[in-house]
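Reading through the structure tokens given below for one structure.
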Protein chains: 2
Amino acid sequence: MPTAKYIQVAQEIKKRIKSGQYHPDELLPDQETLAKEFGVSRLTVKKAIDGLERKGLVYKQSGLGTYVSAPIPIKSKTDTPANFFMGLDTEMGKGRVTSQVLHFTVEFPSPEIQKNLSLKKNEPVYDIIRLRLLDGEPFVIEHTFMPLKTVPDLDEEILSKSVYHYIHHDLNLKFGRAYRRILASKPDDLDKKFLHAAPDDPMLELEQLVWLTNGTPVEYSYSRSRYDSRSYTVFENNRF
Amino acid sequence: MPTAKYIQVAQEIKKRIKSGQYHPDELLPDQETLAKEFGVSRLTVKKAIDGLERKGLVYKQSGLGTYVSAPIPIKSKTDTPANFFMGLDTEMGKGRVTSQVLHFTVEFPSPEIQKNLSLKKNEPVYDIIRLRLLDGEPFVIEHTFMPLKTVPDLDEEILSKSVYHYIHHDLNLKFGRAYRRILASKPDDLDKKFLHAAPDDPMLELEQLVWLTNGTPVEYSYSRSRYDSRSYTVFENNRF
DNA sequence: GAGTGGTCTAGACCACGCC
DNA sequence: GCGTGGTCTAGACCACTCC
């Protein structure tokens, strides 16, 4: 099963942008020309470019053409895309993230967790707290709830490595969608102890509910970081 | 110039979901059936449904069909979508937002602002600080920079109403894309004075760079709220 | 095998920005 | 008027899920 053509075309155009073959704020070849070059229909080229536009690599003006986006000038070191669907380790760069399991139990879900994960009160969940370290430095505390029936046979071995990898490769499941909330709050005891937050250090929290592609809720979690170690970014296009 | 068919179809399907004609976690009619009903091609129906899927109203499983999403159980009162492109007033509900202009000058841009808004050092910008009130209660301080050449003739009258409306309707310009960063920080003097933030109250900040559809940077701004009055939400679909 | 959504094509017409 | 991207169609084939 080969990759879809529009994905391949998108990858090739992306490569050309990254390599400098197409320059910032300059026009791409028109869709008909690209279609001929790649030996595909115009619609396939449009689909490829639409994907790149959603990600912010190009922007279009009807009547004029498709332009390569200039680099965004306000990038920061603490930036983390708020639209990831991978584990922290792949997100931050392989091998930089390690984990320390602070809490790992199986419990019947509270009414709130029942609601969030669409569970009956006799369907147990894992209750997991992990300290995640980046290059050995503590930087996130993750509190995660997952249904046992959806993610069976979790153990500390998996938790200290990558739960994402386990779900994806061993269970062969795929994340479908996520609802995320970003908020600020005051530090709690765990923040102070493990992230060395001072009493007046603001905390940044990402709360999320994640579903599999088949519609099953698979994770409810909140991740807390010190205000000076993390920020979340979103790119939005008004045309979609 | 009528609205595109796929938009109309999407609106009709959305209406049916909202009205309860299609139920949560149940299948929609298949695309062929909907295409016949609406008198359009299947691709047009697919395009409509894709849009709804991106917004989270439905989810699809190849081989099975399209399901209506169940309501998200973790909504909160302070939630604000992080993907808006409207003014605060339309975002929060008409007429609830008022504004107090704390600062309004025209200046040559600092090197940082030059970079963010792609300006030469002799191209002036507005430097605007506004206190936004919701139902009369202070809840956001917005610090905004906009190029004078792109948004001419701004005045306090417009600032106290809706800059968005002015840009959109009077200048006939349209926002195209935005890069946003969400972060936590300690309160500054303005936060303490106008938002009544205590010294240890965390602040939530949204920093953003906005472009018009023609690629021109039009706004660099940061908006600060007290941690207990605001949170930002994102919905993501892994398929796009 | 039947039914679903995903992809792809060739061709057409339209709206938009510019000259 | 010309060239661009946006929309739309009819028809085809494929991959996936369930029976």
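In the text below, chain A, chain B and the rest are named by the order of the sequence lines, each starting its count at 1. Computed over heavy atoms, backbone and side chain alike; hydrogens, waters and symmetry mates excluded.
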Got a sec, which residues hit side-chain contact (heavy atoms from CB on, under 4.5 Å) with [X], two or more places apart in sequence or on another chain?
X        : result
B/Ser19  : B/Gln21
A/Arg239 : A/Asp50, A/Glu53, A/Lys60, A/Asn237
A/Asn172 : none
B/Asn238 : A/Phe85, A/Lys174, A/Phe175

Any pair with a residue in residues 28-71 of chain B that passes ring pair (Phe, Tyr, Trp, His ring centres under 6.0 Å), sequence neighbours left out, goes on the list, sorted by first then second residue, please. B/Tyr59-B/Tyr67

Nucleotide [N], atom [atom2] - distance to [atom1] of [X] in whole Å:
X        : N      : atom1 : atom2 : result
A/Lys36  : D/dT4  : NZ    : P     : 10 Å
A/Lys174 : D/dC16 : NZ    : P     : 12 Å
A/Tyr67  : D/dG3  : OH    : C1'   : 12 Å
A/Leu27  : C/dG17 : CG    : P     : 15 Å

Pairwise side chain to side chain donor-acceptor pair (under 3.5 Å) hits with a residue in residues 116-125 of chain B, at least two apart: B/Glu123-B/Lys149

For nucleotides 2-9 of chain C, 5' to 3', base contacts (B), sugar-phosphate-only contacts (S) and non-contacts (-) with protein non-hydrogen atoms under 4.0 Å give -BBBBBSB

Inter-axis angle, terminal five-pair segments of the helix from C/dG1-D/dC18 to C/dC18-D/dG1 [nearest 10°]: 20°

Residues which pass ring-ring contact (aromatic ring centres under 6.0 Å, His included) with A/Phe108, listed by chain and number, not counting sequence neighbours: none

Does a salt bridge link B/Arg16 with B/Glu37, judged by any charged N lying under 4.0 Å from a carboxylate O? yes

